[in-house]
Trainee: 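Pasting a structure below so you can have a look.
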Amino acid sequence: MGGHEGSGTSSRRAVLDVVEEKAAAMCRNEQLVCWTLARGIDPAMEPGAYSVLSAVRMLGSARVTDLAATLGMGKPAVSGHVAALQRLGLVERGDTGDDERSHPVALTEEGTRRVDRARERRRTHFRTQLEGWDRADVVELVGLLSRFNAAYLGAEVPNNPGTPPVAPPPAGR
C-alpha cells in the first residue's frame with residue numbers, strides 16, 4: 001500500500017470492516033447453533049455446557065484447567081458446566097487424589113452417545129446448507145477459513161479501549 005493514504009487504503013479498510021462484520025455474524029450464528037444443539041441434548045443445558053461437552057469429546061479425559069484453556073473460558077465457569085453435566089449423567093470425574101481441580105473429566109457412555117448424535121445433526125445441517133455449492137467453492141472456503149482461523153487465532157485479542165491487548169488463550173492439545 002506504499003505507506004501513503006489513498007483511496008485504495010480506505011477501500012481496503014471498508015472491505016476489511018465488512019469482513020469483521022461477517023466474522024462477528026458467524027460468531028453469533030455459532031452461538032445460536034450451540035444453543036440449539038445444547039437444548040437438543042437437554043432442555044435446560046446452556047450453550048457453554050455444550051461447548052465443554054464437545055471439548056471433552058475432542059480431548060478425551062481432561063482436567064478443568066485444560067478445558068478452560070482450550071475453550072478460552074474461566075475455570076469457575078467450566079467447573080460449573082462440568083457440575084451441571086455431571087448432574088445430567090453426561091460426564092464423570094476421575095479420582096487422582098485430594099485436589100478436585102486435578103480430577104479428569106470424561107464422558108459417560110450416555111454423554112458420548114448424546115454429543116455424537118448432536119455432532120451428526122450439525123454435520124447433516126452443514127452438508128444441507130452447502131449442498132448446492134460447487135465442490136471447488138467448498139474447497140476454496142475450507143482454504144480461506146483455515147487461513148483466516150490461523151491468522152485470527154495467532155493475533156493478539158484486543159481488550160477494552162485504552163488497555164493493552166492480551167494474547168489469546170493457549171491452544172488445546
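If you're wondering where the values come from, they're calculated on a predicted model, not measured in any experiment.
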Trainee: So which atom in Leu37 and which in Ala118 form the shortest heavy-atom distance, rounded to 0.1 Å?
Mentor: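 Here Leu37 and Ala118 meet closest at CD2-O, 3.5 Å.
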Trainee: Who are the salt bridge (Lys or Arg N to Asp or Glu O under 4.0 Å) partners of Arg127, not counting sequence neighbours?
Mentor: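 Checked Arg127 against salt bridge (Lys or Arg N to Asp or Glu O under 4.0 Å); matches are Glu120.
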Trainee: Should Leu107 and Met58 be regarded as members of a common hydrophobic cluster, given that ILVMFWY residues are connected when their side-chain heavy atoms come within less than 4.5 Å of each other, either directly or indirectly?
Mentor: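 Yes, one cluster joins them.
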Trainee: Carefully, step by step, assess Leu53 and His81 under the rule side-chain contact (heavy atoms from CB on, under 4.5 Å).
Mentor: CA-CA 9 Å; Leu53 195 64; His81 291 310; over 6 Å; no
Trainee: Going by salt bridge (Lys or Arg N to Asp or Glu O under 4.0 Å), name the pairs with one or both residues in residues 36-58, residues two or more places apart or in two chains.
Mentor: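 Pairs touching residues 36-58 that pass the test: Arg57-Asp116.
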Trainee: Determine, using the 4.5 Å side-chain heavy-atom cutoff (strictly less than), whether Val139 and Phe126 are members of one ILVMFWY cluster.
Mentor: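 Shared cluster, no.
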Trainee: May I have the step-by-step check of side-chain contact (heavy atoms from CB on, under 4.5 Å) for Val18 and Lys22, ending in yes or no?
Mentor: CA-CA 6 Å; Val18 173; Lys22 297 300 179 187; 4.2 Å; yes
Trainee: Could you state the interatomic distance from OG (Ser146) to CG (Leu141), rounded to the nearest 0.5 Å?
Mentor: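 Here the rounded value is 9.0 Å.
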Trainee: Between Val105 and Gln86, is there a side-chain heavy-atom distance shorter than 4.5 Å?
Mentor: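 No. Closest side-chain heavy atoms not under 4.5 Å.
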Trainee: Measure the spacing between CD of Glu110 and CZ of Arg113 and express it to the nearest 0.5 Å.
Mentor: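 It comes to 4.0 Å.
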Trainee: Can you check side-chain contact (heavy atoms from CB on, under 4.5 Å) on Asp134 and Glu140, steps first, answer last?
Mentor: CA-CA 10 Å; Asp134 290 335; Glu140 182 179 12; over 6 Å; no
Trainee: Does Leu16 reach the side chain of Glu20, with side-chain heavy atoms less than 4.5 Å apart?
Mentor: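 No, every pair of side-chain atoms sits at 4.5 Å or beyond.
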Trainee: Same cluster or not: Met73 versus Trp35, using hydrophobic residues (I, L, V, M, F, W, Y) connected whenever any side-chain heavy atoms lie under 4.5 Å apart?
Mentor: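 Different clusters: Met73 never reaches Trp35 through Ile, Leu, Val, Met, Phe, Trp or Tyr contacts under 4.5 Å.
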Trainee: Rounded to the nearest 0.5 Å, what separates atom CG in Leu130 from atom NE2 in His125?
Mentor: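 NE2 of His125 is found 9.0 Å from CG of Leu130.
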Trainee: Between CZ of Arg121 and CD1 of Ile41, what distance do you get to the nearest 0.5 Å?
Mentor: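 Rounded to the nearest 0.5 Å, the CZ-CD1 separation comes out at 7.0 Å.
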Trainee: Would you check, one step at a time, whether the test side-chain contact (heavy atoms from CB on, under 4.5 Å) holds for Glu30 with Met26?
Mentor: CA-CA 6 Å; Glu30 177 59 16; Met26 199 164 56; over 6 Å; no
Trainee: Looking at CG of Asp66 and OG of Ser61, how far apart are the two atoms once the value is rounded to the nearest 0.5 Å?
Mentor: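 Separation between the atoms: 9.5 Å.
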Trainee: What heavy-atom pair brings Leu71 and Ser51 nearest, and what distance separates the two atoms?
Mentor: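 Nearest pair, atom of Leu71 first, then Ser51: CD2-O, 3.8 Å.
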Trainee: Taking all non-hydrogen atoms of both residues, which atom of Leu85 and which atom of Ala49 are closest, and how far apart?
Mentor: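 Looking at all heavy atoms of both residues, the shortest contact is CD1-O, 3.6 Å.
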Trainee: So which atom in Val64 and which in Ser79 form the shortest heavy-atom distance, rounded to 0.1 Å?
Mentor: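 Closest heavy-atom pair between Val64 and Ser79: CG1-OG, 3.5 Å.
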